[in-house]
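Remarks on the structure that follows.
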Amino acid sequence: MKKGFIFDLDGVITDTAKYHYVAWKQLADELGISIDLKFNEQLKGISRIDSLERILEYGGKSKQYSTAEKEALAEKKNTEYVQLLQDLTPADLLPGVEAFLQAAAAKNVPCGIASASKNGPFILEKLGIKEQFSVIVDPSLLKKGKPDPEIFLRAAKDLGIEPSEAVGFEDAPAGIVAIKAAGMYAVGVQTEEVLEGADQVVSRLDELSVDELLAK
Ligand code: B16
Ligand code: MG
């Protein structure tokens, strides 16, 4: 029996990947590195600094920058990204999210967020759903990013449930690996990626029945 739901943010609740892409592409262009949407797929669920590292490696420029310079570049990207987030509204919730969260709330299912994004609380505020989550894990307190299970284990702990009592929702392959490594039931929210390893895959959250998930 399941008792709580733990959601990834980008790709499950809202599509911020397109804004990450615009901001990363702008920075990459300035650095003389050409990235495209296909490359962007592998940045999903990956932390800000690790994303920058992947871009620099892709462009063969990883060794050209010091740690401090890399931090400054990541900060520059984030400034642009946060600018793009200013216009987010509840209309930017992915289809089916609002209905599913309402169904979960009607059954008093505690919900948490396990997002690699340090902008998570701000994004949830903009989407008008922050109050629906009793737990939002702060990714800056974690030692390891997805695919390590740490963020999902922390969310379960903070929700006061066992990992085996949690259902995790993810759109990224690294996130599905993290949920399964945490010993949870994994729902994959499918985009273009093939989500191998998920217990169940849907294209939108309102395809799911809260009662059926709780009975897993
Ligand atoms: P930030 P998720 C992830 O969100 C994004 O998928 C990933 O592209 C991004 O680099 C990461 O958050 C960090 O975001 O720069 O805002 O801290 O999918 O884990 O909700
Ligand atoms: Mg995601």
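In this text, all values refer to a predicted model and were calculated from it rather than measured experimentally. Starting from 1, each residue takes its place in the sequence as its number.
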Asp199 versus Lys180, closest heavy-atom pair with distance: OD2-NZ, 2.7 Å
With side chain to side chain contact (heavy atoms under 4.5 Å, CB included) as the criterion, how do Val201 and Val189 come out once you've worked through the C-alpha distance, each side chain's angles and the decisive distance to 0.1 Å? CA-CA 6 Å; Val201 176; Val189 183; over 6 Å; no
Do Met184 and Leu214 share a hydrophobic cluster, counting only Ile, Leu, Val, Met, Phe, Trp and Tyr and linking them when any side-chain heavy atoms are less than 4.5 Å apart? no
With hydrophobic residues grouped by side-chain heavy-atom distances under 4.5 Å, do Leu37 and Val22 end up in a single group? no
Run Glu207 and Ser203 through side chain to side chain donor-acceptor pair (under 3.5 Å) and show every step you take. CA-CA 8 Å; Glu207 287 168 26; Ser203 56; 2.5 Å; yes
Side-chain donor or acceptor of Lys146 paired with backbone N/O of Ala114 under 3.5 Å: yes
Evaluate the side-chain proximity of Leu27 to Leu52: yes if any heavy-atom separation is below 4.5 Å, no if none is. yes
Full working for side chain to side chain contact (heavy atoms under 4.5 Å, CB included) between Val12 and Leu94: CA-CA 7 Å; Val12 170; Leu94 283 169; 5.7 Å; no
Shortest non-hydrogen separation from Ala116 to Gly45 and the atoms involved: CB-O, 3.7 Å
Can you tell whether the side chains of Lys130 and Glu125 come within less than 4.0 Å, N to carboxylate O? yes
Under 4.0 Å between a Lys/Arg side-chain N and an Asp/Glu carboxylate O for Lys38 and Asp36? no
Give a yes or no on whether a salt bridge exists between Asp138 and Arg154, defined as a side-chain N under 4.0 angstrom from a carboxylate O. no
Can you find a pair of side-chain heavy atoms, one from Ile136 and one from Pro121, that are under 4.5 Å apart? yes
Can you confirm whether more than 12 heavy atoms, excluding those of Lys126, are under 6.0 Å from its NZ atom? yes
Does Ser62 reach the side chain of Glu53, with side-chain heavy atoms less than 4.5 Å apart? yes
Heavy-atom closest pair, residues Leu153 and Pro163: CD2-CG, 3.6 Å
Pairwise side-chain contact, Tyr21 with Phe39, heavy-atom cut-off 4.5 Å (strictly under): no
Interatomic spacing from CD in Gln42 to CD1 in Ile55 - rounded to 0.5 Å: 9.0 Å
Please find the pair of heavy atoms, one from Ala178 and one from Pro149, that lie closest to each other, and give the distance. O-CB, 3.4 Å
Look up atom OH in Tyr58 and atom CD1 in Ile33, then write down how far apart they are to the nearest 0.5 Å. 10.0 Å
Shortest non-hydrogen contact from Val187 to Leu208? CG1-CD1, 3.9 Å
For Lys2, is the NZ atom crowded, meaning more than 12 foreign heavy atoms sit under 6.0 Å from it? yes
Give a yes or no answer on whether the side chain of Asp92 reaches the backbone of Thr89 with a donor-acceptor pair at less than 3.5 Å. yes
So, for Leu205 and Gly96, which heavy atoms are closest and what is the spacing to 0.1 Å? CB-O, 4.0 Å
In a check of ring pair (Phe, Tyr, Trp, His ring centres under 6.0 Å) between Phe5 and each of Phe152, Tyr185, Phe169, Phe133, which one passes? Phe169
More than 12 heavy atoms of other residues, nucleotides or ligands under 6.0 Å from CD of Gln200: yes or no? yes
Taking a hydrophobic cluster as the set of Ile, Leu, Val, Met, Phe, Trp and Tyr residues connected by side-chain heavy atoms closer than 4.5 Å, whether directly or through intermediates, do Leu213 and Val97 fall within one such cluster? yes
With a cutoff of under 4.5 Å between side-chain heavy atoms, which Ile, Leu, Val, Met, Phe, Trp and Tyr residues group with Val177? none
Please check if any side-chain donor atom of Ser115 sits under 3.5 Å from a side-chain acceptor atom of Asp8, or the reverse. no
With a cut-off of 6.0 Å (strictly less than), are more than 12 heavy atoms of other residues, nucleotides or ligands near CD of Glu196? no
Distance from Leu124 atom CG to Ile129 atom CD1, nearest 0.5 Å? 5.0 Å
Quick one: pull up OG1 in Thr16 and CG in Asp10 and give me the separation to the nearest 0.5 Å. 3.0 Å
Taking NZ, NE, NH1 and NH2 as the nitrogens, is one of them in Lys3 or Glu162 under 4.0 Å from a carboxylate oxygen of the other? no
Atom NZ of Lys157 with >12 non-hydrogen neighbours under 6.0 angstrom: no
Shared hydrophobic cluster, Val167 / Val210 (ILVMFWY, side-chain heavy atoms < 4.5 Å): yes
Return yes if some donor-acceptor pair links the side-chain N/O of Gln190 with the main-chain N/O of Asp171 below 3.5 Å, else return no. no
Looking at CG of Leu73 and CG of Leu31, how far apart are the two atoms once the value is rounded to the nearest 0.5 Å? 5.5 Å
Please determine whether a side-chain nitrogen of the Lys or Arg among Lys25 and Asp29 lies less than 4.0 Å from a carboxylate oxygen of the Asp or Glu. yes
Is Thr79 reaching over with its side chain to a backbone N or O of Glu75, donor-acceptor style, under 3.5 angstrom? yes
Can you get from Ile6 to Val109 by hopping between Ile, Leu, Val, Met, Phe, Trp and Tyr side chains that sit under 4.5 Å apart? no
Can you tell me how far the CG atom of Asp211 sits from the NZ atom of Lys216, to the nearest 0.5 Å? 12.0 Å
For the side chain of Lys70 and the backbone of Ala74, is there at least one donor-acceptor N/O pair under 3.5 Å apart? no
Any chance the side chains of His20 and Lys44 put a donor and an acceptor closer than 3.5 Å? no
I'd like to know whether CD of Glu69 has more than 12 heavy-atom contacts from other residues, nucleotides or ligands below 6.0 angstrom. yes
Could you walk me through whether Ser140 and Lys118 pass side chain to side chain contact (heavy atoms under 4.5 Å, CB included), step by step? CA-CA 7 Å; Ser140 63; Lys118 293 177 180 166; 4.1 Å; yes
Kindly indicate whether a cation-pi arrangement holds for Lys63 with Tyr65, taking the cut-offs as under 6.0 Å to the six-membered ring centre and within 45° of the axis. no
Could you please spell out the steps behind the side chain to side chain contact (heavy atoms under 4.5 Å, CB included) verdict for Leu88 and Ile123? CA-CA 8 Å; Leu88 273 186; Ile123 293 168; 3.8 Å; yes
